[in-house]
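We use all heavy atoms of the structure for the numbers below, so side chains are in, but hydrogens, waters and symmetry mates are not. For clarity, every value in this text was computed on a predicted model and none was experimentally measured.
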Amino acid sequence: MPTDYIRNGVLYVTENYLCFESSSSKSSASKKNKVIKLVDITDIQKYKVLSVLPGSGMGISIATPSTQKPLVFGAMIHRDEAFETIFTQYIKIVTTSKPPSSTEL
């Protein structure tokens, strides 16, 4: 079960990265900013944290080799659209970075 719950910020999807900029603290030292390479994602799932949170407590759970437990980006109002955007870009990156198999040569 994911325990590294991240909220109060902005999630950006670029061609190669998923970036989260925290807005939960005025001190830059305690911000939980994250930069994740899309090719490093090992699992991405829609996640429901709590029904009392904004967006019906919906979030996105993302696992990478460098995270012991998946990161949960929660309290998302447009979770389904964000998930679709991340997943679509992830598939593009994975399929273009995958070396051709011996049958394709």
Spacing of [atom1] belonging to [X] relative to [atom2] belonging to [Y], to within rounding of 0.5 Å:
X     : Y     : atom1 : atom2 : answer
Ser61 : Ile44 : OG    : CD1   : 8.5 Å
Lys46 : Arg79 : NZ    : CZ    : 5.5 Å
Thr88 : Tyr90 : OG1   : OH    : 12.5 Å
Phe83 : Phe73 : CZ    : CZ    : 13.5 Å
Gln89 : Leu18 : CD    : CG    : 10.5 Å

(message) Which residues pass the salt bridge (charged side-chain N to carboxylate O under 4.0 Å, His left out) test with Asp40, not counting sequence neighbours?
(response) none

(message) Which residues pass the salt bridge (charged side-chain N to carboxylate O under 4.0 Å, His left out) test with Lys92, not counting sequence neighbours?
(response) none

(request) Test side-chain contact (heavy atoms from CB on, under 4.5 Å) on Leu38 and Ile93 and set out the steps. (result) CA-CA 7 Å; Leu38 291 173; Ile93 292 298; 4.2 Å; yes

Are [X] and [Y] side-chain neighbours, meaning at least one heavy-atom pair lies under 4.5 Å?
X     : Y     : value
Asp43 : Ile62 : no
Ile41 : Ile36 : yes
Ile86 : Leu11 : yes
Ile60 : Tyr47 : no

Side chain to side chain contact (heavy atoms under 4.5 Å, CB included) partners for [X], two or more places apart:
X     : answer
Ile91 : Phe87, Thr95
Tyr17 : Thr14, Cys19, Val35, Lys37
Thr85 : Val13

(request) With sequence neighbours excluded, tell me which residues meet side chain to side chain donor-acceptor pair (under 3.5 Å) with Glu84. (result) none

(request) Not counting sequence neighbours, which residues clear side chain to side chain donor-acceptor pair (under 3.5 Å) with Thr67? List them please. (result) Thr64

(message) Which heavy atom of Ala82 sits nearest to which heavy atom of Met76, and what is that distance?
(response) CB-CE, 3.5 Å

(message) Using side-chain contact (heavy atoms from CB on, under 4.5 Å), reason through Val10 and Tyr12 one step at a time and then give a plain yes or no.
(response) CA-CA 6 Å; Val10 180; Tyr12 300 94; 3.4 Å; yes

(message) For the CD atom on Glu81, are there more than 12 heavy atoms of other groups (residues, nucleotides or ligands in this structure) within a distance under 6.0 Å?
(response) yes

(message) Treating Thr42 as the side-chain partner and Ala63 as the backbone partner, does any N or O pair qualify as donor plus acceptor under 3.5 Å?
(response) yes

